[in-house]
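Numbers for residues simply follow the sequence, beginning at 1.
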Amino acid sequence: MHELIRANDPVLLSYAESLMKDAGIHCFIADQGMSVMEGSLGMLPRRLLVDEEMADQARRILIDAGLGGELRERK
């Protein structure tokens with residue numbers, strides 16, 4: 001899996017997840033359960049992950065939607 005976004009903003013992650021689903025790209029929001037353990041203070045970021053072979057297409061979709069500034073650097 002390839003990490004595209006790491007953020008504490010649930011609205012941002014929900015929007016990005018919606019864009020992926022609309023494009024037919026399987027994605028996964030990792031670390032959602034950690035917010036329960038840390039008391040929902042929002043200190044631990046969640047990560048939007050996609051399959052490696054879909055990463056370039058997913059990046060393009062997020063950039064086109066104006067979320068390019070939220071993307072993690074490609075390793």
The reported gap from CD1 in I25 to CG in D51 (rounded to nearest 0.5 angstrom) is 9.5 Å
Any chance you could measure R59, atom CZ, to D64, atom CG, to the nearest 0.5 Å?
13.0 Å
Could you walk me through whether L4 and L49 pass the side chain to side chain contact (heavy atoms under 4.5 Å, CB included) test, one step at a time?
CA-CA 6 Å; L4 291 175; L49 306 171; over 6 Å; no
Rounded distance (nearest 0.5 Å) linking atom OG of S18 with atom NZ of K21
8.0 Å
Tightest non-hydrogen contact, residues A16 and I5, listed as CB-CD1, 3.9 Å
same_hphob_cluster(L19, F28) at 4.5 Å side-chain heavy-atom cutoff:
no
Minimum-distance pair of heavy atoms, taken over all atoms of A55 and V50
CA-CG2, 3.9 Å
Please give me the minimum heavy-atom distance between I61 and M20, naming the atom from each residue.
CG2-CE, 3.7 Å
How many angstroms lie between atom CD1 of I29 and atom CG of L13, to the nearest 0.5 angstrom?
5.0 Å
Could you give the distance from CD (E3) to CG (L71), rounded to the nearest 0.5 Å?
10.5 Å
Taking every heavy atom of R47 against every heavy atom of D31, the minimum-distance pair comes out as NE-OD2, 2.7 Å
I'd like to know if Y15 and M54 are part of one continuous hydrophobic network [Ile/Leu/Val/Met/Phe/Trp/Tyr, side-chain heavy atoms within less than 4.5 Å].
yes
Heavy-atom pair of closest approach, residues E70 and L12
OE1-CD2, 3.5 Å
So, using side-chain hydrogen bond (donor to acceptor under 3.5 Å, both in side chains) as the criterion, who are the partners of D9 when residues are at least two apart?
none
Which distance, rounded to the nearest 0.5 Å, do you find between the NE2 of H2 and the CD of E52?
6.0 Å
